[in-house]
Amino acid sequence: MTLFAWPAEEVLAAAAPGEAVKLTPIATTEVNGDGEFSFTVPEGTDFDRFAGGTEHINVSMAGVADGEEYWYSTSISAQPTEADSEADAENPLPEVEIAPTGDDNSTASIVDTYSDKACYTSTAATYSAKTAQVGYTANSLTGGSAQLKFSSGATAKFGVGISSSGAYGSFSASGTTTLTSNLTVAFGATTSGARTHHVYLVPKKYKVYCESNAGIPISTKYELRPASYTGGSASSSSTTFSTNAYCTPSEKNTTTTIDDSTASTMSLGFKTSTIIGVDLSSQSGFNKNTSLVLKTPATAAGKICGEKGYPGGTPGRVKLKP
């Protein structure tokens, strides 16, 4: 298996249609008999080159088994720590099945590693903006409110679609990419009921092709991933989750800000079905740039409840209730 680093977000966004941008191999590994593997990036690798001022690097993992090419996208920290390395060793990446790109790559069987091969990407198509869910708010406490703030510098993960042909209906989900926002959206406070909150993204279809050292084409595939935020926002009515197992009291006239926990993954949160035939996932965790603000009124105390855990841990969705 080979780990490829994608260019920094601004480099990829600035590339002209059809302009080739290299995907850089930064690590290789072998898959064990149980199908597990982990990567060790060599010391001295220039992470800043691929991070472009962000805290992450978008990467793709590639390999060939029984003549079929596999490709999966994700992101890694641009500032890895010893703890990160230990976690990777205990939980080899990825823990999901890597999607095959299809059987159109007739020469893929000659490849057993990409470590000395050149892979490039170029923009094949740019589409009109599509919505992607970045949060959820819910409140049933009279006089209370719940508000999502999505600030400049916020990062969110969005699903990546992959296809061997690039044709509508041929794409399947294969991993995620992380995108950094350059705008701030303070969504309207939810004073009753539940709502989902969305931003607008520009999706692009990228042609990804690899060739041998001699310049002989090896494989071609297409990825659909978000390229940038456009500005704008949208919210829609939702349902309040019923779980009340992870609630903590909040006294009268109190403001609680959740800005350090993991939010839920919305499996169909990135609305791309009109351009590739399937919707993709979205996820936005709570951090210093993405926060949930919950307020109780001066007249009543309430409870803050997480769907999958307590609000201060890994709650998933969060609600305010009497």
If you count heavy atoms of other groups shown closer than 6.0 angstrom to [atom1] of [X], is the number above 12?
X: Lys271; atom1: NZ; value: yes
X: Lys149; atom1: NZ; value: no
X: Lys204; atom1: NZ; value: yes

| note | Per side chain to side chain donor-acceptor pair (under 3.5 Å), Lys319 is matched among Thr137, Asn244, Asn139 by Asn244
| query | Only one of Leu224, Val202, Thr274 clears side chain to side chain contact (heavy atoms under 4.5 Å, CB included) with Tyr127; which? | reply | Leu224
| query | Knowing that exactly one of Val278, Leu268, Asp279 qualifies, which makes a side chain to side chain contact (heavy atoms under 4.5 Å, CB included) with Ser273? | reply | Asp279
Working to the nearest 0.5 Å, report the span between [atom1] of [X] and [atom2] of [Y].
X: Ile26; Y: Phe39; atom1: CD1; atom2: CZ; answer: 9.0 Å
X: Phe150; Y: Ser291; atom1: CZ; atom2: OG; answer: 11.0 Å
X: Thr191; Y: Gln147; atom1: OG1; atom2: CD; answer: 11.5 Å

| request: Not counting sequence neighbours, which residues clear salt bridge (Lys or Arg N to Asp or Glu O under 4.0 Å) with Glu307? List them please. | output: Arg317
| request: For the residue pair Phe158 and Tyr229, categorise the inter-ring angle as parallel (less than 30°), tilted (30 to 60°) or perpendicular (more than 60°). | output: perpendicular
| task | Can you sort out the partners of Thr256 under side chain to side chain contact (heavy atoms under 4.5 Å, CB included), two or more places apart, ordered by chain and number? | result | Ser250, Thr254, Ile304
| note | Besides Tyr136, the hydrophobic cluster formed by Ile, Leu, Val, Met, Phe, Trp and Tyr side chains linked at under 4.5 Å, directly or via other members, contains Phe241
Less than 3.5 Å apart, any donor N or O on the side chain of [X] or [Y] sitting next to an acceptor on the other?
X: Asn58; Y: Thr177; value: yes
X: Ser73; Y: Glu223; value: yes
X: Thr54; Y: Thr180; value: no

| field | Check against side chain to side chain contact (heavy atoms under 4.5 Å, CB included), Trp71 and Val160 | value | CA-CA 11 Å; Trp71 189 271; Val160 171; over 6 Å; no
